[in-house]
> 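Starting off with a structure, shown below.
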Amino acid sequence: LAKTTQPISMDSYEGQEVNITCSHNNIATNDYITWYQQFPSQGPRFIIQGYKTKVTNEVASLFIPADRKSSTLSLPRVSLSDTAVYYCLVGGGEEYGNKLVFGAGTILRVKS
Amino acid sequence: ETGVTQSPTHLIKTRGQQVTLRCSSQSGHNTVSWYQQALGQGPQFIFQYYREEENGRGNFPPRFSGLQFPNYSSELNVNALELDDSALYLCASSWGVLSGNYNEQFFGPGTRLTVL
């Protein structure tokens with residue numbers, strides 16, 4: 001299975017850019033990389049998904065190197081409301097029986 | 001368009017009992033996945049249902065079972081409850097099966113199960 005590794009926690013200040021890196025050395029050829037955000041007592045919420053190179057949407061960017069063994073979620077100009085747990089997710093490919101693997105998550109604390 | 005809903009919100013059971021958790025998918029979605037999230041940990045994939053059939057399973061024992069109904073709502077059943085089954089159980093719906101290029105999953109708020 002494509003196991004993921006993320007930093008346990010990160011601290012930042014409002015207005016700064018935050019980069020969270022996820023390692024996934026055993027990612028399968030057909031797997032995509034997806035990031036989710038989770039607030040306490042809520043289900044995770046989709047942030048962004050990519051396969052290779054760079055993907056950008058209205059809330060984040062995702063950078064994936066050519067070997068796809070890692071990925072970096074970039075949050076521009078964070079605010080206090082971005083304080084949450086961020087999960088890196090790979091999997092879903094038939095090679096691994098459609099199983100999905102969440103990382104342990106990164107606790108992001110944004111301070112004023 | 002209604003989101004994913006789960007019931008009940010909270011549940012307390014004793015060891016050895018059986019429990020059924022329910023999930024209503026977001027309108028238009030035909031795939032449901034269930035996850036177990038222990039306190040302080042990431043969600044762990046239990047299984048997925050696509051058009052009423054199991055379509056992928058995580059490392060959970062057979063006492064964890066599920067159903068998906070024709071309206072794509074779903075149930076998670078856990079028999080012979082153990083203390084370690086205490087967790088937040090999350091349901092997520094999506095359109096289409098989970099594959100390398102899988103579609104966004106929409107999560108419900110979860111059911112908090114406590115086993116005493």
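Throughout, a chain's letter reflects where its sequence line sits, starting with A, and its residues are numbered from 1. Only a predicted model underlies this, so the values are computations on that prediction, with no experimental measurement involved. Just so it is clear, the values below take in all heavy atoms, side chains as well, and ignore hydrogens, waters and symmetry mates.
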> Would you say B:F69 has more than 12 foreign heavy atoms packed within less than 6.0 Å of its CZ?
yes
> Look up atom CZ in A:F46 and atom CZ in B:F106, then write down how far apart they are to the nearest 0.5 Å.
8.5 Å
> Please classify the contact of B:Q37 with chain A as side chain, backbone, both or neither, using a heavy-atom distance under 4.5 Å.
side chain
> What heavy-atom pair brings A:P44 and B:L90 nearest, and what distance separates the two atoms?
CD-CD1, 3.8 Å
> Is there a path of hydrophobic side-chain contacts, each under 4.5 Å between heavy atoms, that joins B:L67 and B:W34?
no
> Looking at B:L116, I'd like to know if its CG atom is crowded, meaning that more than 12 non-hydrogen atoms belonging to other residues, nucleotides or ligands lie closer than 6.0 Å.
yes
> Would you check if B:P43 and A:Y36 make a side-chain contact, meaning some heavy-atom pair closer than 4.5 Å?
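The answer is no; the side chains never approach within 4.5 Å.
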> With sequence neighbours left out, which residue pairs that include part of residues 16-45 of chain B fulfil the salt bridge (Lys or Arg N to Asp or Glu O under 4.0 Å) condition?
B:R22-B:E75
